[in-house]
Amino acid sequence: MKKIIAVDGPAGAGKSTVCKIVAAKLNYTYIDTGAMYRAVGWKFLQTGENFSEELLQKIVNKIEIKLDAQAKVFVDNVEVTKSIRTPEVSKLASDVSKFGFVRKKLTELQRKMAESGKVIMDGRDIGTQVLPNADLKIFLTASLEERARRRFEELKLKNPAVELEKIQQEIFLRDKQDSEREIAPLKQADDAIFIDTTDLNIEQVAEKILELACNGK
Ligand code: DC
């Protein structure tokens, strides 16, 4: 059995939904690293200040981020699980993730969280930077149109006024920024298994990963 599973891929590829299913089936801990970058973005937003690297550094020095066993997210002991899911925080999470000092702090935390094994961790740089020795690496993607459609369906439940084109554009720009940044960009690890989920449903994707985790290649 693979003890450490790394799942990377662009926004809206279904990483977190699939990882939660796989984690539950294997009795593993799911670690959502995107939530940690969102936590930093959220904390910045609370200041109401304009963006500055100096203020970001101050925030990152002090911030305490916790993920519990149910994948609830806490920032300085305030639960932010839902409030970090807005488009505004998505953008800010991507913006703050460019900075080396942000990545250093979160990468260290992520490695610590994976120390005990039996974890499935998702993000952008897990297979390439955070856990390069992971037992199984997956790169999950889907067409931009399909990823936007999925995100649209999800957001529409909370806000019926959301627009598909706007979501598609936001995802496109965020992926571009995440792939083109200098430090630890979104990238498939050489030894990762590529899965295109455009024509697959959640159960089929989870099944594929479970098979790879249990039986290997
Ligand atoms: O997975 P997500 O959409 O919740 O992630 C939000 C942002 O956080 C993403 O646009 C880029 C950043 N991120 C990152 O740089 N590295 C990771 N391992 C995970 C997320």
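In each ligand, atom 1 is the first atom listed, and ligand 1 is the first ligand listed.
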For residues 181-189, run the donor-acceptor check on the side chains, cut-off 3.5 Å, and write out each pair with its distance to 0.1 Å, sequence neighbours left out.
from: Arg181; atom 1: NE; to: Ile183; atom 2: O; distance (Å): 3.0
from: Arg181; atom 1: NE; to: Ala184; atom 2: O; distance (Å): 3.1
from: Arg181; atom 1: NH1; to: Ser97; atom 2: OG; distance (Å): 2.9
from: Arg181; atom 1: NH2; to: Ala184; atom 2: O; distance (Å): 2.7
from: Gln188; atom 1: NE2; to: Ala192; atom 2: O; distance (Å): 3.2

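- With sequence neighbours excluded, the residues forming a side-chain hydrogen bond (donor to acceptor under 3.5 Å, both in side chains) with Asn77 are Lys66, listed by chain and number.
- Within 6.0 Å of atom NZ in Lys158, more than 12 heavy atoms from other residues, nucleotides or ligands are found, so the atom counts as buried in its surroundings.
- Taking the side chain as every heavy atom from C-beta outward, Ile138 and Lys208 never approach each other to under 4.5 Å.
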Side chains of residues 50-60: which donor-acceptor partners sit under 3.5 Å, not counting sequence neighbours?
from: Ser52; atom 1: OG; to: Leu55; atom 2: N; distance (Å): 3.1
from: Gln57; atom 1: NE2; to: Asn61; atom 2: OD1; distance (Å): 3.4

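- Within 4.0 Å of ligand 1, counting heavy atoms only, the contacting residues are Thr33, Gly34, Tyr37, Arg38, Arg85, Ala93, Ser94, Ser97, Arg103, Gly123, Arg124, Asp125, Ile126, Arg174, Asp178, Arg181.
- The environment of CG in Asp190 is sparse: at most 12 heavy-atom neighbours from other residues, nucleotides or ligands sit within 6.0 Å.
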